[in-house]
Every structure is written in C-alpha cells, then in structure tokens.
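First up is the structure itself, then whatever we jot down about it.
Positions are given from 1 along the sequence. Note that the structure is a prediction, hence the values are computed from the model and not measured.
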Amino acid sequence: MTLPRVAQSPQDPGFVQDPYPFYDHIRQTGAWVFWEDYDLPCATTLPLVNALLRDRRLGRENPFPDAVPAHLEPFYQIERYSMLELEPPTHTRLRGLVMRAFTSRKIAGLGPQITALAHELLDEMPAGEVDLLPTFCERIPVIVICRLLGVPEDAAPQLLSWSHDMVAMYQARRDRAVEERAVAASIAFDRYLRELIEERRADPREDLLSDLIKVEEDGDRLSTAELVSTMILLLNAGHEATVHALGNGIKAICERGLGPEVPKMDAPVLADEVMRFDPPLHLFTRYAMEDVELEGMSLQKGEQVGLLLGAANRDPDVFPSPHSFIPDRLAGAHVALGAGLHFCVGAPLARLEIARSLPVLFSRFPNLTPSEPLKFADRYHFHGLERLPVKLKPL
C-alpha cells in the first residue's frame, strides 16, 4: 500500500499553536498517511486509532531494540521496568500487582480532598494577575499524587523539575542537552525513591507506596527496580498530562465565556470534553510485534506506527462539529487516555481531578479572564500552554 506522504515540522510555530488544520488535511487524505518528518506511517481517524490501540499485534516494546548509548543508560534503566514500555507477560504481571493497590475505590475517595485542595490553593492566590499554570494546574495533580503515593508534599517542586526533564525525552525538541538533563533527573529521582522505599519498608504507612511494597500475588512482589520505575511512572503520568488538560480546559472555557456556567455543568461530562477537545498528548507510537496486515497497511515485525490521538479526537465522522467545545457533549469515545492493554492506569484520577477542580475555580472566579493571548509550548508530542496568566475577578 502506497501511502500519501505529508511533511509538517512539529516545531513549526503555526503547527505548535494550532495543529488541527494539519490533522484535518491529512484525515481527508486518508486514514493512513506517511509523516515524513517522523518517518512514520500514521493513523488519522478515530476508528483506526482506536482499533490499533487495542490490537495485540502492536505493542510498546520494540522487538528489535537498538543498543542504548552509554550516556543514556541511567534513563533507560528506569524505562526498562516501566509498564508503559512493556508487553505481556511482564506487563500483565506488573499492571496486575499495581492495580491491586491502585484501586478505583481508593481513587474515588479522593474527590472531597481534591475539592478542598482546589479551594485552599485559590485562598492563597494574590489579588490581581496570577499564572494559573504553576499555582493551580500543576499543584493540584502533583500534590494529589504525592498524597496518594505517600511522597512528602514539600518534595513536589523537585519532583516536578525531575518529571519535566525526563518527559522532555519524548518531545520533538529533544537534543543532547535535553538528554543530559533527563539522565541527571533519572539518577536523582532513582536515588530519592530508593531511600523513600527503604523508609517505608521499615515504617509502613497508609499510602500507595506502602501498599505497593506489600502487595503480592502467588508469592510475587515488585522488585526495588520495579517499584522505582512504577513510582516514577505514576508520579510523572499522574500529573504531567493532567496539568496540560486543566490548562487547555481553562483556556477553552474562558475564550468562550462559559465560566459562570461551569458550576452548573455535569462535571464528568465536561472533563471528557476537555480531554477530547484539546488532549494533552497528540501522538503515541506502537511497534509491530509480528509481520501484520493492519486495515490495508502491511508492517514488518519491528516497524513503528504513529497514532494521532489529536486528530482522532476531532474526527468529524465520530464527533459532530468536532472543532466546537461543547461542554455537555457525550465525548466518552475519545482516545485522549488511550485504549486497550495500555489504557491509562490513572484515567479515573485524571478525570476526577478535572471534574472536581474546574467547578471550584469557576465558582470562585466565574469571570476569569486571560490577561494576554495564550500560547502553546513547543513540546510536541505533548500539547499544553506556556503560561496561563489571568486576572482573578471574584463574585
């Protein structure tokens, strides 16, 4: 199958600010396109992206992995034990053990805490102009995940810094300087968590880290390396995507003057539309685990495909008026949180944080107004704001 070829730099300023015209163009070209800048065949429609996310013949784990450069070994030493990068049977074992501790009941019980935290953060806000990205959008998910895992809250700023440096490895702007910062963060993060794990082994508490240490099935437990990798995954994924989702959602609401209506909206439905409309992650990749035929596309074992989550979430054949932000849209079919085997472990927590924090923000500041045009940061595959300065105008 010869694919239509398209060229678009993910760092082009126009694309960074609005990738959706490009997605519209390539979706009209076909469900499959070849994105030259990534040297990847990419899926553009929601049915195809959803099918590929669920296709067990595709996986995150490269069956023919390249040798890791020596200077990146500390980073990939952590990645080797990450659920996100592994396939069955290892993935099944790790995810099963983690889900025994990371239960839906435990997550649902955090709702009142998230609401209270949102109020506390807003109580601390100075009058006038404030950047909501570091003061609200970042602090809610990082504090919540710290509390859940049992990591001291005063470590949150350092965790954020390490997380940003590690996640930059998956952005189009990656270069040697990014790699060196990611390695330094990996080493420091690993050291910090190993010390914390030893503390919890000696003195268990009512937190997820203690639960992960003691959880077992058929005599199987998480090793220290697996614990470190799982903690880093939960800490990084537990706030990185939610930060962007909150910021993008606030932008969409403010630009449409919907603030006064938010407290009266169905909050879980609103949360799904926030994630559909401007998802925090736009491109995810998979490897062919065997020679395979995929919806008319032939792949050899080890070849990689791109899944354009951002394009899929605005597929007009699935979502009427896809470029409109419709808070009461039943947008549950979106793929912002993935699907299938690697569906986001923290999806219930992400939804809960958005559903609880946005109504609090707009009940307190219904006339919230950005104080300058909002710009997206050059972080593709991720999609989030550089800053979110607003003028706080209470009731």
Kindly give the heavy-atom pair with the smallest separation between Ala333 and Leu46, and that separation in Å.
O-CD1, 3.6 Å
Separation between CG of Leu212 and CG of Leu149, rounded to the nearest 0.5 Å:
7.5 Å
Determine whether His71 and Glu180 satisfy the following criterion, side chain to side chain donor-acceptor pair (under 3.5 Å), listing intermediate values before the conclusion.
CA-CA 8 Å; His71 75 286; Glu180 290 176 354; over 6 Å; no
Under a 4.0 Å N-O cut-off, is there an ion pair linking Asp211 with Lys106?
yes
In plain terms, say whether Arg194 and Asp190 are close enough for a salt bridge, that is, a side-chain N and a carboxylate O under 4.0 Å apart.
yes
If you measure from CG on Leu84 to CD on Glu79, what distance do you get to the nearest 0.5 Å?
7.5 Å
Do Phe75 and Tyr192 sit in one hydrophobic cluster, given that two such residues count as connected whenever their side-chain heavy atoms are within less than 4.5 Å of each other, even indirectly?
yes
Should Val305 and Val6 be counted in the same cluster of Ile, Leu, Val, Met, Phe, Trp and Tyr side chains packed under 4.5 Å apart?
no
Do the side chains of Ile326 and Tyr20 join up, straight or via other hydrophobic residues, at under 4.5 Å, putting them in one cluster?
no
What's the separation between atom CG in Leu309 and atom CG in Leu281, rounded to the nearest 0.5 Å?
5.5 Å
Given side-chain contact (heavy atoms from CB on, under 4.5 Å), test Ile145 with Leu349 step by step and report yes or no.
CA-CA 9 Å; Ile145 199 67; Leu349 180 58; 4.0 Å; yes
Could you tell me the separation between the SG atom of Cys137 and the CG atom of Leu361, rounded to the nearest 0.5 Å?
8.0 Å
Yes or no on side-chain contact (heavy atoms from CB on, under 4.5 Å) for Leu235 and Ser163, after CA distance, side-chain angles and deciding distance?
CA-CA 8 Å; Leu235 282 161; Ser163 175; over 6 Å; no
Are Arg205 and Asp203 close enough for a salt bridge, meaning some N to O gap below 4.0 Å?
yes
Contact summary for Pro141 and Leu246, nearest pair of heavy atoms
CD-CD1, 4.3 Å
Heavy-atom pair with the smallest gap, counting every atom of Met275 and Ala336
O-CB, 3.5 Å
Answer yes or no: is there an ion pair linking Glu372 with Arg387, defined by an N-O contact shorter than 4.0 Å?
yes
Show your working on side chain to side chain donor-acceptor pair (under 3.5 Å) between Ser9 and Asp37 and close with a plain yes or no.
CA-CA 6 Å; Ser9 168; Asp37 302 77; 5.1 Å; no
Note, Leu385 side chain near His244 side chain (heavy atom, < 4.5 Å)
no
Note: Arg200-Asp207 ion pair, threshold 4.0 Å (strictly below)
yes
Residue pair Ala377 / Val16: nearest heavy atoms and the distance that separates them
O-CG1, 3.4 Å
Measure the spacing between CG of Leu72 and CD of Gln77 and express it to the nearest 0.5 Å.
13.0 Å
What do the steps show when you test Arg364 against Asp123 for salt bridge (Lys or Arg N to Asp or Glu O under 4.0 Å), and what is the final call?
CA-CA 10 Å; Arg364 298 278 296 270; Asp123 288 341; 2.7 Å; yes
Could you tell me whether the side chains of Gln11 and Asp378 share a donor-acceptor contact shorter than 3.5 Å?
yes
Decide yes or no for Phe325 and Leu258: does some side-chain heavy atom of the first lie under 4.5 Å from some side-chain heavy atom of the second?
yes
Yes or no on side chain to side chain donor-acceptor pair (under 3.5 Å) for Arg181 and Ser186, after CA distance, side-chain angles and deciding distance?
CA-CA 9 Å; Arg181 286 194 296 271; Ser186 301; over 6 Å; no
Does any non-hydrogen side-chain atom of Arg286 lie less than 4.5 Å from one of Gln304?
no
Do Arg95 and Thr230 get their side chains close enough for a donor-acceptor pair, meaning under 3.5 Å?
no
Could you tell me if the ring centre of Tyr170 sits under 6.0 Å from that of Phe382?
no
Does Glu293 CD have over 12 foreign heavy atoms under 6.0 Å away?
yes
Quick check: do Phe136 and Ser357 have side-chain heavy atoms less than 4.5 Å from each other?
yes
Do the non-hydrogen side-chain atoms of Cys254 and Thr369 ever get within less than 4.5 Å of each other?
no
Member of Val130, Leu374, Leu133 meeting the side chain to side chain contact (heavy atoms under 4.5 Å, CB included) criterion with Pro389:
Leu374
His342 and Glu87 side chains, donor-acceptor separation under 3.5 Å
yes
Nearest heavy atoms of Ala355 and Ala267, plus distance in Å:
O-CB, 3.3 Å
Report, as yes or no, whether the 6.0 Å neighbourhood of atom CZ on Arg56 holds more than 12 heavy atoms from other residues, nucleotides or ligands.
no
Check whether Tyr287 forms a cation-pi arrangement with Arg60 (NZ or CZ under 6.0 Å from the six-membered ring centre, at most 45° off the ring normal).
no
Any idea which heavy atoms bring Leu299 and Ala288 closest together, and the distance?
CB-CB, 4.1 Å
Do Val33 and Leu3 have side chains that get closer than 4.5 Å, going by heavy atoms?
no
Without swapping roles, check the side chain of Thr135 against the backbone of Asp131 for a donor-acceptor pair under 3.5 Å.
yes
As a quick check of understanding, evaluate salt bridge (Lys or Arg N to Asp or Glu O under 4.0 Å) for Glu124 and Arg139, giving each step before the final call.
CA-CA 12 Å; Glu124 298 171 3; Arg139 292 192 70 193; 3.2 Å; yes
Beyond-backbone contact of Glu129 with Val390, side-chain heavy atoms, under 4.5 angstrom
no
Main chain of Val360, side chain of Ser363: is a donor-acceptor contact present, judged purely on distance under 3.5 Å?
yes
Both conditions, 6.0 Å and 45 degrees, for the charged tip of Arg27 above the ring of Phe22: are they met here?
no
Between Lys301 and Glu290, is there a salt bridge with N-O shorter than 4.0 Å?
no
Pair Glu73 + Arg80, salt bridge at N-O below 4.0 Å:
yes
Given the rule that I, L, V, M, F, W and Y join up when any side-chain heavy atoms are under 4.5 Å apart, are Met169 and Leu234 in one cluster?
yes
Under a single-linkage definition using a 4.5 Å side-chain heavy-atom cutoff for Ile, Leu, Val, Met, Phe, Trp and Tyr, are Val335 and Phe343 assigned to the same hydrophobic cluster?
yes
Does NZ or CZ of Arg314 fall inside the cone over Phe319's six-membered ring, less than 6.0 Å from its centre and within 45° of the axis?
no
Report the C-alpha distance between Glu195 and Arg191 in whole Å, list the side-chain angles of each, state the deciding distance to 0.1 Å, and finish with yes or no for salt bridge (Lys or Arg N to Asp or Glu O under 4.0 Å).
CA-CA 6 Å; Glu195 291 176 358; Arg191 183 185 303 119; 5.7 Å; no
Give the ring-plane orientation class for Phe15 versus Tyr23, where under 30° counts as parallel, over 60° as perpendicular and anything between as tilted.
perpendicular
Could you grab the distance from atom CG of Leu222 to atom CD1 of Ile213, nearest 0.5 Å is fine?
9.5 Å
His282 ring center within less than 6.0 Å of His383 ring center
yes
Would you indicate whether the side-chain heavy atoms of Val151 and Leu196 approach each other to under 4.5 Å?
yes
Taking everything shown except Phe376 itself, do over 12 heavy atoms lie less than 6.0 Å from its CZ?
yes
